[in-house]
Number of protein chains: 2
Amino acid sequence: MKKTILVFSGLILALILLFQISTFSIHSGHLKIEFILAIIAIVFLIIGIYINKKSLHNKVKDSNEINHQKLKDLEITPREYEVLQAISEGLSNKEIATKLFLSESTIKTHVSNVLLKLNAKRRTQALQIAKKYHII
Amino acid sequence: MKKTILVFSGLILALILLFQISTFSIHSGHLKIEFILAIIAIVFLIIGIYINKKSLHNKVKDSNEINHQKLKDLEITPREYEVLQAISEGLSNKEIATKLFLSESTIKTHVSNVLLKLNAKRRTQALQIAKKYHII
DNA sequence: ATTTATTTGGTACTTTAGTATGACCCTCCT
DNA sequence: AGGAGGGTCATACTAAAGTACCAAATAAAT
(Lines give C-alpha, C1' and ligand atoms only; values in the text may rest on other atoms or scores of the structure.)
Protein backbone atom coordinates (compact mmCIF):
# COMPACT_ATOMS: atom_id res chain seq x y z
CA MET A 1 0.00 0.00 0.00
CA LYS A 2 2.78 2.43 0.90
CA LYS A 3 4.46 1.60 -2.39
CA THR A 4 1.29 2.43 -4.29
CA ILE A 5 1.02 5.85 -2.63
CA LEU A 6 4.64 6.66 -3.43
CA VAL A 7 4.28 5.56 -7.04
CA PHE A 8 1.16 7.62 -7.52
CA SER A 9 2.65 10.69 -5.86
CA GLY A 10 5.66 10.49 -8.15
CA LEU A 11 3.41 9.94 -11.12
CA ILE A 12 1.28 13.00 -10.39
CA LEU A 13 4.37 15.15 -9.91
CA ALA A 14 5.81 13.88 -13.20
CA LEU A 15 2.55 14.66 -14.99
CA ILE A 16 2.39 18.19 -13.61
CA LEU A 17 5.97 18.69 -14.69
CA LEU A 18 5.12 17.34 -18.13
CA PHE A 19 2.22 19.75 -18.35
CA GLN A 20 4.34 22.71 -17.36
CA ILE A 21 7.09 21.82 -19.80
CA SER A 22 4.51 21.33 -22.52
CA THR A 23 2.80 24.69 -22.06
CA PHE A 24 6.16 26.43 -21.72
CA SER A 25 7.53 24.78 -24.85
CA ILE A 26 4.46 25.68 -26.86
CA HIS A 27 4.45 29.29 -25.66
CA SER A 28 8.14 29.71 -26.35
CA GLY A 29 7.78 27.87 -29.65
CA HIS A 30 10.59 25.39 -29.03
CA LEU A 31 8.48 22.42 -29.97
CA LYS A 32 5.61 21.88 -32.36
CA ILE A 33 2.15 21.63 -30.87
CA GLU A 34 1.38 18.37 -32.64
CA PHE A 35 4.45 16.79 -31.09
CA ILE A 36 3.46 17.80 -27.58
CA LEU A 37 -0.08 16.57 -28.10
CA ALA A 38 1.18 13.21 -29.33
CA ILE A 39 3.43 12.79 -26.30
CA ILE A 40 0.61 13.66 -23.91
CA ALA A 41 -1.67 11.23 -25.71
CA ILE A 42 0.80 8.36 -25.59
CA VAL A 43 1.72 8.97 -21.94
CA PHE A 44 -1.88 8.97 -20.81
CA LEU A 45 -2.74 5.98 -22.95
CA ILE A 46 0.00 4.02 -21.21
CA ILE A 47 -1.13 5.26 -17.79
CA GLY A 48 -4.69 4.19 -18.58
CA ILE A 49 -3.58 0.72 -19.60
CA TYR A 50 -1.39 0.40 -16.53
CA ILE A 51 -4.09 1.46 -14.06
CA ASN A 52 -6.58 -0.96 -15.53
CA LYS A 53 -4.15 -3.83 -15.61
CA LYS A 54 -3.46 -3.34 -11.90
CA SER A 55 -7.08 -3.18 -10.83
CA LEU A 56 -8.25 -6.05 -13.02
CA HIS A 57 -5.31 -8.18 -12.05
CA ASN A 58 -6.24 -7.78 -8.41
CA LYS A 59 -9.83 -8.71 -9.17
CA VAL A 60 -8.78 -11.93 -10.88
CA LYS A 61 -6.39 -12.64 -8.05
CA ASP A 62 -9.09 -12.08 -5.43
CA SER A 63 -11.51 -14.48 -7.02
CA ASN A 64 -8.83 -17.18 -7.01
CA GLU A 65 -7.46 -16.42 -3.59
CA ILE A 66 -8.16 -18.61 -0.59
CA ASN A 67 -10.55 -17.22 1.97
CA HIS A 68 -8.64 -17.96 5.15
CA GLN A 69 -11.29 -16.28 7.26
CA LYS A 70 -13.90 -18.70 5.99
CA LEU A 71 -11.60 -21.57 6.86
CA LYS A 72 -11.42 -20.32 10.42
CA ASP A 73 -15.15 -19.75 10.60
CA LEU A 74 -15.78 -23.33 9.52
CA GLU A 75 -13.27 -24.49 12.16
CA ILE A 76 -11.44 -26.61 9.63
CA THR A 77 -8.10 -27.61 11.13
CA PRO A 78 -4.81 -27.56 9.19
CA ARG A 79 -4.74 -31.33 8.87
CA GLU A 80 -8.33 -31.47 7.71
CA TYR A 81 -7.54 -28.80 5.17
CA GLU A 82 -4.63 -30.82 3.84
CA VAL A 83 -6.98 -33.74 3.35
CA LEU A 84 -9.53 -31.50 1.63
CA GLN A 85 -6.86 -30.31 -0.78
CA ALA A 86 -5.84 -33.90 -1.48
CA ILE A 87 -9.46 -34.72 -2.25
CA SER A 88 -9.56 -31.87 -4.74
CA GLU A 89 -6.56 -33.47 -6.45
CA GLY A 90 -8.71 -36.52 -7.03
CA LEU A 91 -6.93 -38.82 -4.60
CA SER A 92 -8.54 -41.78 -2.83
CA ASN A 93 -8.40 -42.15 0.95
CA LYS A 94 -5.66 -44.74 0.60
CA GLU A 95 -3.62 -42.46 -1.65
CA ILE A 96 -4.04 -39.55 0.74
CA ALA A 97 -2.90 -41.80 3.59
CA THR A 98 0.25 -42.72 1.67
CA LYS A 99 0.91 -39.12 0.73
CA LEU A 100 0.63 -37.87 4.30
CA PHE A 101 2.25 -40.96 5.91
CA LEU A 102 -0.92 -41.79 7.82
CA SER A 103 -3.30 -44.74 8.07
CA GLU A 104 -6.44 -44.86 5.99
CA SER A 105 -8.46 -44.79 9.23
CA THR A 106 -7.07 -41.40 10.08
CA ILE A 107 -7.92 -40.08 6.65
CA LYS A 108 -11.45 -41.37 6.98
CA THR A 109 -11.79 -39.54 10.29
CA HIS A 110 -10.52 -36.33 8.74
CA VAL A 111 -12.77 -36.69 5.71
CA SER A 112 -15.81 -37.31 7.89
CA ASN A 113 -14.97 -34.20 9.92
CA VAL A 114 -14.54 -32.11 6.79
CA LEU A 115 -17.88 -33.33 5.42
CA LEU A 116 -19.54 -32.42 8.71
CA LYS A 117 -18.00 -28.98 8.82
CA LEU A 118 -18.84 -28.27 5.19
CA ASN A 119 -22.27 -29.80 5.61
CA ALA A 120 -21.65 -32.11 2.67
CA LYS A 121 -22.85 -35.65 2.07
CA ARG A 122 -20.05 -36.67 -0.30
CA ARG A 123 -16.53 -35.62 -1.09
CA THR A 124 -17.61 -34.31 -4.48
CA GLN A 125 -20.18 -32.12 -2.77
CA ALA A 126 -17.51 -31.00 -0.33
CA LEU A 127 -15.43 -29.87 -3.30
CA GLN A 128 -18.30 -27.91 -4.76
CA ILE A 129 -19.02 -26.20 -1.44
CA ALA A 130 -15.34 -25.52 -0.79
CA LYS A 131 -15.10 -23.84 -4.19
CA LYS A 132 -18.15 -21.76 -3.43
CA TYR A 133 -16.47 -20.58 -0.22
CA HIS A 134 -13.18 -19.94 -2.05
CA ILE A 135 -11.23 -22.14 0.33
CA ILE A 136 -9.65 -24.32 -2.39
CA MET B 1 -14.85 -9.00 -35.21
CA LYS B 2 -16.50 -6.76 -37.81
CA LYS B 3 -17.87 -4.66 -34.99
CA THR B 4 -14.40 -4.22 -33.52
CA ILE B 5 -13.01 -2.99 -36.85
CA LEU B 6 -15.83 -0.48 -37.25
CA VAL B 7 -15.41 0.80 -33.70
CA PHE B 8 -11.68 1.21 -34.11
CA SER B 9 -12.02 2.94 -37.49
CA GLY B 10 -14.47 5.40 -35.99
CA LEU B 11 -12.23 5.91 -33.02
CA ILE B 12 -9.17 6.70 -35.12
CA LEU B 13 -11.16 9.16 -37.23
CA ALA B 14 -12.46 10.86 -34.10
CA LEU B 15 -8.96 11.13 -32.70
CA ILE B 16 -7.56 12.65 -35.87
CA LEU B 17 -10.43 15.12 -35.83
CA LEU B 18 -9.71 15.91 -32.18
CA PHE B 19 -6.08 16.50 -33.06
CA GLN B 20 -6.93 18.81 -35.92
CA ILE B 21 -9.40 20.79 -33.83
CA SER B 22 -6.86 21.03 -31.04
CA THR B 23 -4.04 22.37 -33.17
CA PHE B 24 -6.38 24.73 -34.98
CA SER B 25 -7.85 26.02 -31.73
CA ILE B 26 -4.44 26.62 -30.24
CA HIS B 27 -3.14 28.39 -33.33
CA SER B 28 -6.18 30.59 -33.57
CA GLY B 29 -6.11 31.16 -29.83
CA HIS B 30 -9.75 30.25 -29.24
CA LEU B 31 -8.92 27.90 -26.38
CA LYS B 32 -6.24 27.78 -23.77
CA ILE B 33 -3.44 25.29 -24.31
CA GLU B 34 -3.81 23.79 -20.86
CA PHE B 35 -7.44 23.02 -21.57
CA ILE B 36 -6.64 21.23 -24.80
CA LEU B 37 -3.88 19.27 -23.13
CA ALA B 38 -6.21 18.22 -20.33
CA ILE B 39 -8.86 17.01 -22.79
CA ILE B 40 -6.29 15.03 -24.78
CA ALA B 41 -4.97 13.52 -21.55
CA ILE B 42 -8.40 12.46 -20.30
CA VAL B 43 -9.51 11.08 -23.65
CA PHE B 44 -6.42 8.93 -24.02
CA LEU B 45 -6.55 7.83 -20.40
CA ILE B 46 -10.07 6.54 -20.99
CA ILE B 47 -9.05 4.87 -24.25
CA GLY B 48 -6.17 3.15 -22.46
CA ILE B 49 -8.46 1.87 -19.72
CA TYR B 50 -11.01 0.69 -22.27
CA ILE B 51 -8.51 -1.18 -24.43
CA ASN B 52 -7.06 -2.97 -21.45
CA LYS B 53 -10.42 -3.88 -20.01
CA LYS B 54 -11.41 -5.47 -23.30
CA SER B 55 -8.26 -7.53 -23.67
CA LEU B 56 -8.07 -8.65 -20.05
CA HIS B 57 -11.75 -9.46 -19.93
CA ASN B 58 -11.32 -11.76 -22.88
CA LYS B 59 -8.38 -13.44 -21.19
CA VAL B 60 -10.40 -14.15 -18.05
CA LYS B 61 -13.28 -15.34 -20.18
CA ASP B 62 -11.03 -17.68 -22.14
CA SER B 63 -9.65 -19.37 -19.06
CA ASN B 64 -13.18 -20.06 -17.85
CA GLU B 65 -14.64 -21.05 -21.18
CA ILE B 66 -15.40 -24.64 -22.07
CA ASN B 67 -13.05 -26.29 -24.52
CA HIS B 68 -15.57 -27.91 -26.83
CA GLN B 69 -12.80 -29.19 -29.08
CA LYS B 70 -11.31 -31.15 -26.20
CA LEU B 71 -14.72 -32.63 -25.49
CA LYS B 72 -14.88 -33.89 -29.05
CA ASP B 73 -11.31 -35.19 -28.93
CA LEU B 74 -12.15 -37.19 -25.82
CA GLU B 75 -15.28 -38.51 -27.56
CA ILE B 76 -17.44 -37.62 -24.60
CA THR B 77 -21.07 -37.80 -25.69
CA PRO B 78 -23.68 -35.17 -24.74
CA ARG B 79 -25.30 -37.48 -22.22
CA GLU B 80 -21.99 -38.38 -20.65
CA TYR B 81 -21.15 -34.70 -20.43
CA GLU B 82 -24.43 -34.00 -18.64
CA VAL B 83 -23.49 -36.65 -16.11
CA LEU B 84 -20.01 -35.18 -15.73
CA GLN B 85 -21.50 -31.79 -15.00
CA ALA B 86 -23.84 -33.31 -12.44
CA ILE B 87 -20.85 -34.94 -10.77
CA SER B 88 -19.16 -31.54 -10.54
CA GLU B 89 -22.25 -30.30 -8.73
CA GLY B 90 -21.53 -32.88 -6.06
CA LEU B 91 -24.48 -35.15 -6.84
CA SER B 92 -24.59 -38.88 -6.15
CA ASN B 93 -25.44 -41.39 -8.87
CA LYS B 94 -28.94 -41.75 -7.47
CA GLU B 95 -29.45 -37.98 -7.43
CA ILE B 96 -28.20 -37.69 -11.00
CA ALA B 97 -30.61 -40.46 -12.01
CA THR B 98 -33.51 -38.56 -10.46
CA LYS B 99 -32.42 -35.31 -12.05
CA LEU B 100 -32.20 -36.79 -15.54
CA PHE B 101 -35.18 -39.15 -15.14
CA LEU B 102 -33.00 -42.21 -15.60
CA SER B 103 -32.17 -45.34 -13.66
CA GLU B 104 -29.11 -45.49 -11.45
CA SER B 105 -27.75 -48.28 -13.67
CA THR B 106 -27.68 -45.95 -16.63
CA ILE B 107 -25.84 -43.30 -14.63
CA LYS B 108 -23.30 -45.87 -13.55
CA THR B 109 -22.72 -46.83 -17.16
CA HIS B 110 -22.26 -43.19 -18.15
CA VAL B 111 -19.95 -42.53 -15.22
CA SER B 112 -17.83 -45.54 -16.05
CA ASN B 113 -17.55 -44.36 -19.65
CA VAL B 114 -16.58 -40.86 -18.55
CA LEU B 115 -13.93 -42.26 -16.22
CA LEU B 116 -12.54 -44.38 -19.05
CA LYS B 117 -12.48 -41.46 -21.50
CA LEU B 118 -10.87 -39.14 -18.99
CA ASN B 119 -8.52 -41.89 -17.84
CA ALA B 120 -9.62 -41.35 -14.24
CA LYS B 121 -9.97 -43.86 -11.44
CA ARG B 122 -12.53 -41.93 -9.42
CA ARG B 123 -15.12 -39.24 -10.00
CA THR B 124 -13.06 -36.76 -8.00
CA GLN B 125 -10.10 -37.42 -10.24
CA ALA B 126 -12.38 -37.02 -13.25
CA LEU B 127 -13.29 -33.57 -11.96
CA GLN B 128 -9.66 -32.60 -11.57
CA ILE B 129 -8.81 -33.78 -15.08
CA ALA B 130 -11.90 -32.16 -16.56
CA LYS B 131 -10.89 -28.87 -14.99
CA LYS B 132 -7.39 -29.24 -16.37
CA TYR B 133 -8.88 -29.70 -19.84
CA HIS B 134 -11.28 -26.76 -19.35
CA ILE B 135 -14.31 -28.85 -20.15
CA ILE B 136 -16.20 -27.97 -16.97
C1' DA C 1 -31.02 -51.49 -45.51
C1' DT C 2 -27.22 -52.33 -42.79
C1' DT C 3 -23.88 -50.25 -40.01
C1' DT C 4 -22.54 -47.10 -36.35
C1' DA C 5 -23.01 -44.37 -32.33
C1' DT C 6 -25.74 -43.16 -28.58
C1' DT C 7 -28.68 -44.12 -24.97
C1' DT C 8 -30.85 -46.89 -21.77
C1' DG C 9 -31.11 -50.63 -18.42
C1' DG C 10 -30.10 -54.97 -16.01
C1' DT C 11 -27.36 -58.45 -12.85
C1' DA C 12 -23.57 -59.64 -10.15
C1' DC C 13 -19.66 -58.46 -8.21
C1' DT C 14 -15.55 -55.79 -5.96
C1' DT C 15 -13.83 -51.71 -4.18
C1' DT C 16 -14.19 -47.18 -1.91
C1' DA C 17 -16.38 -44.12 0.84
C1' DG C 18 -18.48 -42.81 4.84
C1' DT C 19 -20.46 -43.38 9.89
C1' DA C 20 -20.26 -44.50 14.67
C1' DT C 21 -17.72 -45.25 18.47
C1' DG C 22 -13.95 -45.66 21.41
C1' DA C 23 -9.23 -45.17 22.59
C1' DC C 24 -4.61 -42.98 23.20
C1' DC C 25 -1.35 -39.26 22.78
C1' DC C 26 0.21 -34.56 22.76
C1' DT C 27 0.15 -29.51 23.54
C1' DC C 28 -1.58 -25.37 25.15
C1' DC C 29 -4.15 -22.90 28.51
C1' DT C 30 -5.85 -21.65 33.18
C1' DA D 1 -3.84 -30.83 37.64
C1' DG D 2 -7.53 -30.74 34.60
C1' DG D 3 -9.77 -29.57 30.38
C1' DA D 4 -10.02 -28.37 25.50
C1' DG D 5 -8.51 -29.04 20.95
C1' DG D 6 -6.04 -31.44 17.66
C1' DG D 7 -4.17 -35.59 15.78
C1' DT D 8 -3.75 -40.52 15.35
C1' DC D 9 -5.67 -45.25 14.76
C1' DA D 10 -8.81 -49.31 15.14
C1' DT D 11 -13.11 -52.12 14.55
C1' DA D 12 -17.44 -52.90 12.60
C1' DC D 13 -20.71 -51.61 9.97
C1' DT D 14 -23.69 -49.47 5.96
C1' DA D 15 -23.87 -46.99 1.75
C1' DA D 16 -22.13 -45.58 -2.39
C1' DA D 17 -19.17 -46.03 -6.26
C1' DG D 18 -17.26 -48.51 -9.81
C1' DT D 19 -16.43 -52.77 -13.06
C1' DA D 20 -17.70 -56.27 -16.23
C1' DC D 21 -20.73 -58.17 -18.61
C1' DC D 22 -24.89 -58.37 -21.58
C1' DA D 23 -29.01 -56.69 -24.08
C1' DA D 24 -32.03 -53.79 -26.63
C1' DA D 25 -34.05 -49.50 -28.70
C1' DT D 26 -33.26 -45.46 -31.44
C1' DA D 27 -31.44 -42.25 -34.76
C1' DA D 28 -28.19 -40.82 -38.03
C1' DA D 29 -25.15 -42.04 -41.72
C1' DT D 30 -23.54 -44.41 -45.88
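When reading the values below, keep in mind they use all heavy atoms of this one structure, side chains included, and skip hydrogens, waters and symmetry mates. Just so it is clear, the structure is predicted and the values come from calculations on it, not from any experiment. Chain identifiers are assigned alphabetically (A, B, ...) following the order of the sequence lines, protein sequences preceding nucleic acid strands; residue numbering begins at 1 within each chain.
- Contact annotation: the side chain of Glu80(A) never approaches that of Glu75(A) to less than 4.5 Å [non-hydrogen atoms, C-beta and beyond].
- With hydrogens and angles ignored, the 3.5 Å screen pairs no side-chain donor or acceptor of Gln20(A) with any backbone N or O of Leu17(A).
- Atom CD in Glu82(A) sits roughly 12 Å away from atom C1' in dG7(D) (whole-Å rounding).
- Listed by chain and residue number, nothing satisfies the side chain to side chain donor-acceptor pair (under 3.5 Å) test with Lys53(B) (two or more places apart in sequence, or in another chain).
- Contact of the Leu45(B) side chain with the Leu45(A) side chain is not registered, since no non-hydrogen atoms from C-beta on lie closer than 4.5 Å.
- In the region residues 125-135 of chain A, proximity to DNA chain C at under 4.0 angstrom, judged on heavy atoms, holds for none of the residues.
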Report, one pair per line, the protein and nucleotides 23-30 of chain D atoms (nitrogen or oxygen only) whose separation is under 3.5 Å.
none

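- Under 4.0 angstrom from either OP1 or OP2 of dT8(C) there lies at least one side-chain N or O belonging to His110(B).
- Between Ile107(B) atom CD1 and dG18(D) atom P there is a gap of 12 Å when expressed in whole angstrom units.
- Of the candidates Val111(A), Ile76(A), Asn93(A), Thr77(A), Val111(A) is the only one forming a side chain to side chain contact (heavy atoms under 4.5 Å, CB included) with Val83(A).
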What pairs of nitrogen or oxygen atoms, one from the protein and one from nucleotides 19-24 of chain C, lie under 3.5 Å apart?
from, atom 1, to, atom 2, distance (Å)
dT19(C), OP2, Ser112(A), OG, 2.7

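- Between Lys94(A) and Glu104(A), the shortest heavy-atom distance links the atoms CE-OE1, 3.5 Å.
- In this structure, CD of Glu80(A) is placed 6 Å from P of dG7(D), rounded to the nearest angstrom.
- When atom types are taken as modelled, the side chain of Asn52(A) and the backbone of Gly48(A) share no donor-acceptor pair closer than 3.5 angstrom.
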I would like to know whether His134(A) and Ile66(A) meet side-chain contact (heavy atoms from CB on, under 4.5 Å); could you show each step before the answer?
CA-CA 5 Å; His134(A) 296 292; Ile66(A) 293 160; over 6 Å; no
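- DNA chain C lies under 4.0 Å from at least one heavy atom of each of the following residues of residues 90-106 of chain B: Leu102(B), Ser103(B), Ser105(B), Thr106(B).
- Using a 4.5 Å cut-off on side-chain heavy atoms (C-beta onward), Tyr133(A) and Leu118(A) make contact.
- Contact annotation: the side chain of Val43(B) approaches that of Leu15(B) to within less than 4.5 Å [non-hydrogen atoms, C-beta and beyond].
- Under a hydrophobic clustering in which Ile, Leu, Val, Met, Phe, Trp and Tyr are joined whenever their side-chain heavy atoms come within less than 4.5 Å, directly or via other members, Leu116(A) and Leu71(A) fall into different clusters.
- Residues Thr106(B) and Ser103(B) bring a donor and an acceptor atom of their side chains to less than 3.5 Å of each other.
- Between Leu115(B) and Gln125(B), every side-chain heavy-atom pair lies at or beyond the 4.5 Å cut-off.
- Heavy-atom contacts from other residues, nucleotides or ligands closer than 6.0 Å to CG of Asn64(A) number more than 12.
- Applying a 4.0 Å cut-off to non-hydrogen atoms, the residues of residues 72-79 of chain B that approach DNA chain C are Thr77(B), Pro78(B), Arg79(B), listed by residue number.
- Side-chain N/O atoms of Arg122(B) include none lying less than 4.0 angstrom from OP1 or OP2 on dT16(C).
- Here the side chain of Arg79(B) pairs no donor or acceptor atom with the backbone of His110(B) at under 3.5 angstrom.
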